[in-house]
Amino acid sequence: MADFPALQTAVEIGDRDTAVRITQEGIDEGVPPEQILKWMTDAMEVVGGRFARMELFVPEMLIAARAMKGAVALLEPLLVAGGIQPDSTAVIGTIKGDLHDIGKNLVAMMWKGGNIRVVDLGVNVAPEKFVAAAIEHKADIIGISALLTTTMGGMKNVVELVRSTPEIQNVPVIVGGAPVTPEFAEQVGATGWAPDAASAVMKARELISAYQKGAAAAG
Ligand code: B1M
């Protein structure tokens, strides 16, 4: 049986090969991908705590992230398997100044699995880039991720630019990331917020549906 506590430890210490091996074992045994993922997100919490207590530093955080990314790559096909043609388009990115992308990537994967076509703009994305991509791809939703308290304020700039751009002024904007609360989302004028990748699918589908109905009614 796959040794999931060892998977968590492997991510914590940045042992990519072991993380990948145990993840593959879990997949082969038919363990649900969300369950495997939970061991890795728990590992990241541990890593974050150690970083905050200065027990480890940026290079160790980076190798932990690499180990998690390597293992998540194996889960991606399972999380993305929707099998139905996408009925909507999302533009997603991590806010300007912020290089954290694991959470954003998970949301993107889950959205694909929820029949949403995803245009992933990557990290360190300026407001103008969100807007240009939303216009180009006729987005039905814009998603913004932030992991730093110093960058999350930039979400307001994106929302303001979206609301002042006629072609996309009614497109819903959903925000998330560890420091982002529902109160903060409301404060920056976002249409929605989700605490994790699984609820981000439900929330996005709800917002897209309301947006598409509104657009159809407006002709
Ligand atoms: Co950084 N980092 N980091 N880091 N890092 C944090 C965020 C931190 C909390 C660690 C700590 O101090 N405890 C801290 C921020 C403190 C703060 O802002 N108050 C921090 C810091 C300080 C920094 C640097 C400034 C360190 C330095 O250089 N001195 C630096 C900043 C660089 C930059 O961005 N400009 C930095 C760098 C890095 C690495 C590059 C080394 C690496 C990132 C690698 C990568 O992403 N490719 C890294 C990592 C790995 C972390 C921790 C340990 C883990 C983050 C992570 O991947 N979590 C993190 C500690 C922590 O979070 N506990 C930390 C797992 C991921 C699945 O969770 O991203 O929260 P998360 O996503 C969740 C939900 O939040 C939600 O769904 C996801 C899945 O369920 N969600 C959304 C996310 N986006 C969403 C969008 C939505 C909806 C839901 O809608 C659109």
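The figures that follow rest on heavy atoms only: side chains count, while hydrogens, waters and symmetry mates do not. Both ligands and their constituent atoms are indexed starting at 1 by order of listing.
Within ligand 1, counting atoms from 1 as listed, the ones closer than 4.0 Å to a heavy atom of Asp98 are 34 (O). Contact atoms of ligand 1 toward Ala52: 13 (N) (distance under 4.0 Å to a heavy atom of the residue). Heavy-atom contacts of Gly143 reach the following atoms of ligand 1: 91 (C) (cutoff under 4.0 Å). Counting atoms of ligand 1 from 1 in the listed order, those under 4.0 Å from a heavy atom of Leu62 are 40 (C), 41 (C). When each atom of ligand 1 is checked for a heavy atom of Lys69 under 4.0 Å away, the hits are 47 (N).
Heavy atoms of Met40 stay at 4.0 angstrom or farther from ligand 1. A heavy-atom separation below 4.0 Å is found between Gly177 and ligand 1. Heavy atoms of Thr150 come nearer than 4.0 angstrom to ligand 1 in no pair at all. Not a single heavy atom of Pro179 sits under 4.0 Å from any atom of ligand 1.
Residue Ile102 touches ligand 1 through backbone and side chain together, judged by heavy-atom distances below 4.0 Å. Only side-chain heavy atoms of Leu106 come within less than 4.0 Å of ligand 1; its backbone N, CA, C and O stay farther off. Contacts between Ile144 and ligand 1, counted as non-hydrogen atom pairs separated by less than 4.0 Å, involve the backbone only. With a heavy-atom cut-off of 4.0 Å, Pro195 touches ligand 1 through its backbone alone. Here Ala178 has heavy atoms under 4.0 Å from ligand 1 in both its backbone and its side chain.
For the pair His100/Ile102, no side-chain contact is recorded, criterion being any heavy-atom separation below 4.5 Å from C-beta on. A heavy-atom distance below 4.5 Å is found between the side chains of Arg163 and Val173. Proximity of Met109 to Leu75: side-chain heavy atoms (C-beta onward) are nowhere separated by under 4.5 Å. Side chains of Tyr211 and Ile141 form no contact here, defined as non-hydrogen atoms less than 4.5 Å apart.
Under the 3.5 Å distance criterion, the side-chain polar atoms of Glu12 are left unmatched by any main-chain donor or acceptor of Val46. Using a distance-only test at 3.5 Å, with no hydrogens or angles considered, a donor-acceptor pair links the side chain of Asn124 to the main chain of Gly97. Side-chain atoms of Trp39 do not come within 3.5 Å of backbone N or O of Ala6 as any donor-acceptor pair. Remark: the backbone N or O of Asp87 is not paired with any side-chain donor or acceptor of Asn115 at under 3.5 angstrom.
Between Thr41 and ligand 1, no pair of N/O atoms sits closer than 3.5 Å. At under 3.5 Å, a nitrogen or oxygen of Ser145, whether backbone or side chain, sits near a nitrogen or oxygen of ligand 1.
No donor-acceptor contact under 3.5 angstrom links the side chains of Asp140 and Ser88, judged on distance only. At a cut-off of 3.5 Å, with distance as the only test, no side-chain donor of Glu183 or Gln187 sits close to an acceptor on the other residue.
Protein non-hydrogen atoms do reach within 4.0 Å of atom 76 (C) of ligand 1. Per-atom contact check: atom 59 (C) of ligand 1 does not touch the protein, criterion being a heavy-atom distance below 4.0 Å. The protein does not reach atom 24 (C) of ligand 1 closely, with no heavy atom under 4.0 angstrom from it.
The shortest contact between atom 78 (C) of ligand 1 and any protein heavy atom is with Gly103 CA, 3.8 Å. The nearest protein atom to atom 33 (C) of ligand 1, hydrogens excluded, is given as Leu99 N, 3.5 Å; this is a heavy-atom distance. In terms of protein heavy-atom proximity, atom 44 (C) of ligand 1 is nearest to Ala65 CB, 3.6 Å. The protein heavy-atom contact nearest to atom 46 (O) of ligand 1 is Asp101 N, 2.8 Å. Atom 54 (C) of ligand 1 has as its closest protein heavy atom Met44 SD, 3.8 Å. When hydrogens are left out, the protein atom nearest atom 89 (C) of ligand 1 is Ala194 O, 3.3 Å; that is the closest non-hydrogen contact. Atom 63 (N) of ligand 1 has as its closest protein heavy atom Glu45 OE2, 3.5 Å. Regarding atom 80 (O) of ligand 1, its nearest protein heavy-atom neighbour is Ala197 N, 3.2 Å.
In Glu167, the CD atom is crowded: over 12 heavy atoms of neighbouring residues, nucleotides or ligands sit closer than 6.0 Å.
One finds no salt bridge joining Asp17 and Arg21 here, because no Lys/Arg side-chain nitrogen approaches an Asp/Glu carboxylate oxygen to under 4.0 Å. Remark: Glu160 engages Lys156 in a salt bridge, criterion side-chain N to carboxylate O under 4.0 Å.
The option from Val175, Asp196, Thr149 that lies nearest to atom 17 (C) of ligand 1, judged by heavy atoms, is Thr149.
The CE atom of Met202 lies 12.5 Å from the CG atom of Leu207; values are rounded to the nearest 0.5 Å. In this structure, CD1 on Ile92 lies 10.5 Å from CG on Asp101, to the nearest 0.5 angstrom. Put simply, CE on Met44 and CZ on Phe51 are 13.0 Å apart, with the number rounded to the nearest 0.5 Å. Interatomic distance, CG of Asp28 versus OG1 of Thr23, reported as 10.5 Å (0.5 Å rounding). Summarising the geometry, atom CD1 belonging to Ile168 is positioned 5.0 Å from atom CD1 belonging to Ile135; distances are rounded to the nearest 0.5 Å. Expressed to the nearest 0.5 Å, how far CG of Asp15 lies from OG1 of Thr9 amounts to 10.0 Å.
Protein N/O/S atoms closer than 2.8 Å to atom 1 (Co) of ligand 1, listed by chain and residue number, are His100 NE2.
With sequence neighbours left out, Arg16 forms a salt bridge (charged side-chain N to carboxylate O under 4.0 Å, His left out) with no residue at all.
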